[in-house]
Amino acid sequence: MKLIVTGRIDPRVIQQIREQRPDLTIKYWNQPGIMSRQEFLEWAKCADAMITMLTECVDQELLERAPRLKIVSNMAVGFDNFDLDALQRRNVLATNTPGVLTEATAELTISLMLMVMRRLRDAEDTLRSGRWTGWEPDAFVGFELRGKTLGLVGFGRIAQAVCQRALSFGMKVLVFTRRLVENLAPGVRQVSWDALLETSDVLSLHVPLTPQTFHLINRQTLSCLRPTAILINTARGAIVDEEALADALTAGTLAGAGLDVFEKEPLPRDSRLRQLSQVTLLPHIGSATIETRLAMAKRAWDNVLAYLNGQRPPDLLSPE
Ligand code: DGY
């Protein structure tokens, strides 16, 4: 049996795999940078199981190259890099890593809000480049989170963790999600989509990327936001139409944005977003903590191990 691992996961988990299943042959990516599509297709040929990163697209083409494949375990909660229908047609199991990256992603979401609202990027750049001339009463003056209204799009684990943190900053929280949410904490209200857009000071996205959420934030939805509002995206880039976002920011109909994810990653050099000082851009680091990346790798392995032991993987995506 051969397991391939397409990214540089914590070596402690490689060790754990070797100890728990000495019968497995492991081939893992330990070179700098990301594995190319060509390499991925090549490696897949002999794989019985795979631990994949969100950068690997598991589609029909890949499956045709991987005749022995039985399980693909994504080291991410998002799985828009998987063609679930194709996997199901081939009877290949698919899993993800929910739960373990909630806190890290929530922390980064709040960090982005603070970076944009308190103009931290600008302030740090000014100091670092030697342009800081001393304390001035009107320099780098931003806004406080306290008293502002946070609008959450989606109310899964990460949104709930953001909500808790936002409340402790003294924010009011509005939630938009299709299911009825009961027992919301004081200071939190479930509202309609229109009400969410019209009243949020900070709009933060916490839904998966699906055909329904593709470009959910577009010209029309952006036009409903307050000109003083900011947009935060730590979910998936393609939920936002970046051209429409750049237009809104340029026209001043939206005050700022904090983005950790992009329609195309890495963000193209010629992206207009790079030119806009009211935008904070981070390189998809929501889950990038030692603790969380270790937990993600372990969880991804636990799913494979369960399968190898004849059990149901805990995070199975296609129950049939
Ligand atoms: C995920 O898990 O989907 C994040 O985007 C990366 O950790």
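When a ligand or atom number is given, it counts from 1 through the structure's own listing order. All values derive from a computational prediction rather than experimental measurement.
Here the side chain of Thr289 pairs a donor or acceptor atom with the backbone of Thr292 at under 3.5 angstrom. Of the possible polar contacts, none joining the Asp83 side chain to the Gln60 backbone as a donor-acceptor pair under 3.5 Å is found. Glu39 places no side-chain N or O within 3.5 Å of a backbone atom of Ile34 that could act as its donor or acceptor partner. With hydrogens and angles disregarded, no donor-acceptor distance shorter than 3.5 Å links the side chain of Asp125 to the backbone of Ser129.
No side-chain N or O of Thr52 forms a donor-acceptor pair with one of Thr6 less than 3.5 Å apart.
The protein residues lying under 4.0 angstrom from ligand 1, judged by non-hydrogen atoms, are Leu54, Ala76, Val77, Gly78, Leu101, Arg236, His284, Ser287, Met296.
Other residues, nucleotides and ligands contribute over 12 non-hydrogen atoms within 6.0 Å of the CG atom of Leu267.
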